[in-house]
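Each remark here refers to the structure printed beneath this line.
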Number of protein chains: 2
Amino acid sequence: MGNVDQRLPLYQRLRDEIAAQIASHVWRPGEAIPTEAELAASHSVAVGTVRKAIQTLVDEGLVERFQGRGTFVRRPSFDSSLFRFLRFHGPEGRHEVPESKILDRSGLIGPDPVIKALRLPTGTEVIRLLRQRLIKGWPVLAEEIWLPRARFEPILTMPLDEMGALLYPAYERFCGEIVASAEETLTVEGVAAPFDTILSLPQASPVVVIERLAFGYHGGPLEWRRSCAPASTFRYHIEIR
Amino acid sequence: MGNVDQRLPLYQRLRDEIAAQIASHVWRPGEAIPTEAELAASHSVAVGTVRKAIQTLVDEGLVERFQGRGTFVRRPSFDSSLFRFLRFHGPEGRHEVPESKILDRSGLIGPDPVIKALRLPTGTEVIRLLRQRLIKGWPVLAEEIWLPRARFEPILTMPLDEMGALLYPAYERFCGEIVASAEETLTVEGVAAPFDTILSLPQASPVVVIERLAFGYHGGPLEWRRSCAPASTFRYHIEIR
DNA sequence: CAGTGGTCTAGACCACTGC
DNA sequence: CAGTGGTCTAGACCACTGA
């Protein structure tokens, strides 16, 4: 902390300092960071330099600016990521948030692939959640979720009915862990246990598998997740330049 | 052309003017646009304003800047788009550019979905290319490509062996049409004719279908393409914030 | 070496927000 | 209305490129 390379441009060093403070929860998501004038004064740089530093944070998605109101730490919205990949919508074209049903919750020694994905030492204890997501009672998504137990103990013991359909808010409220970014890898496979029964699909039906590794503000992995959906519900749109 | 809304910020109007000139091929891809100082003088604005206008063009992927050299019109590279979606690589992990074999080339009245995708009036003539792409003799990709005949007549008549493995350079060289951007939509389907035989897959095997609509610098659609690959070769990676 | 974009400053004025 | 970010200017100096 506070260690800066003097060769870097001023605005870069300022950006890094602000980013580190966001990572340290000096300001929490939704809160405003100091104004341009304040930052310029406290760091003894010109306002223009502060503006450039903040602009890079905006480009990186770490903060949002609103004219006349201030600059705010951004809370990433992952709800939309589901809809980027899968077409869950009602007959009128509206998105529906699938309900959530936890089928299994257990603590265990992390299996090898999980340990590797979460970058933990061999033998570390982890939490496994097996989750079914439904729309109008129909299973549309099956998820296996892995968390390092040390950071997420409350998730293992808390009442399931307090967890809600979205996990990330629960992570923040009960474990103080905030998801800042994620990587997803998408493949098409034949469905395998235990996802086949959860989705009530015949063996080896084509499914889309989304592997997501979620990171905290400090950059370390927080959660590894494998989600599985029938291939017919998959649709992805992208713009290329 | 030259029609600008006086309410827009200076740097926006400047951006639009430069973008329009790029679209009009005042400078072609790879060429340098005027320096910051020249643009500032010719438009009677400060250099800082020019910088901001150019920065937005950089963010949009229209130009590239190089310190000490200049600012250059960017040529989008679509070769990489293939590899974003499909894992074609040799045993050593290196990417391989698949060879290309044109199975059919014909001019015809545009079928309804093609006409709609390319936004042409009903009854317009189009060119259809059916293409097989192979790695080490194995078919890995099947493509159906549709072009408005009026703009792409040379593609219909030129010798096939002058076309090469990449179509976009051919479009530019023989038809003067430059692809500036594209949209892709990705779905998983059961393979259907004529792609099943081209890929030598059993009926209804799972395949990834990539529909690409490519646009020119003026914003209108130039090419519509449906590509089809066995689902097992599909892999997509994305970062989320 | 001259010419380019990159960094940084200092300040003016505008447009929007919320009290 | 005071306070915020947004636009715009004018100029200094630095770092890199290519002849």
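So you know, we letter chains A, B, ... as the sequences are listed, proteins then strands, and number each from 1. Source: prediction; values computed, not measured.
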Touch class at under 4.0 angstrom, heavy-atom based, for Val47(A) against every strand present: nothing
If only side-chain N and O atoms of [X] are considered, is one of them under 4.0 Å from the OP1 or OP2 phosphate oxygen of [N]?
{"X": "Thr71(B)", "N": "dT4(C)", "result": "no"}
{"X": "Tyr11(B)", "N": "dT7(D)", "result": "yes"}
{"X": "Arg65(A)", "N": "dG6(D)", "result": "yes"}

5'-most by nearest nucleotide on DNA chain C - Lys52(A) or Gly68(A): Lys52(A)
First of Thr49(A) and Arg69(A) reached from the 5' end of DNA chain C, by closest nucleotide: Thr49(A)
Minimum-distance nucleotide (side-chain atoms of [X] versus [options]):
{"X": "Gln67(B)", "options": "dT7(D), dA10(D), dG6(C)", "result": "dG6(C)"}
{"X": "Glu36(A)", "options": "dT9(C), dG6(D), dG5(C)", "result": "dG6(D)"}
{"X": "Glu38(B)", "options": "dT4(D), dA10(C), dT4(C)", "result": "dT4(C)"}

Once you round it to whole Å, what is the distance between [atom2] of [N] and [atom1] of [X]?
{"X": "Arg15(B)", "N": "dT7(D)", "atom1": "CZ", "atom2": "P", "value": "14 Å"}
{"X": "Phe72(B)", "N": "dT4(C)", "atom1": "CZ", "atom2": "P", "value": "11 Å"}
{"X": "Ile54(B)", "N": "dG6(C)", "atom1": "CD1", "atom2": "P", "value": "9 Å"}
{"X": "Leu10(B)", "N": "dC13(C)", "atom1": "CG", "atom2": "P", "value": "17 Å"}
{"X": "Leu14(B)", "N": "dT9(D)", "atom1": "CG", "atom2": "P", "value": "10 Å"}
{"X": "Leu39(B)", "N": "dT4(C)", "atom1": "CG", "atom2": "P", "value": "11 Å"}
{"X": "Arg51(B)", "N": "dT9(C)", "atom1": "CZ", "atom2": "C1'", "value": "14 Å"}
{"X": "Gln55(B)", "N": "dC8(D)", "atom1": "CD", "atom2": "P", "value": "16 Å"}

cation_pi(Arg69(B), Phe72(B)) dist<6.0 Å, angle<=45: yes
Pairing partner (Watson-Crick or G-U wobble, both distances under 3.5 angstrom) of dT17(D): dA2(C)
Pairing nucleotide - dC8(C), Watson-Crick or G-U, each distance under 3.5 Å: dG11(D)
Basic-acidic side-chain contact under 4.0 Å: Glu211(A), Arg225(A): no
Salt bridge (charged side-chain N to carboxylate O under 4.0 Å, His left out) involving Arg51(A) - partner list, sequence neighbours excluded: Glu36(A)
Donor-acceptor contact below 3.5 Å, side chain Glu31(B) vs main chain Arg28(B): yes
Short side-chain to backbone donor-acceptor contact, Thr124(A) and Leu120(A), under 3.5 Å: no
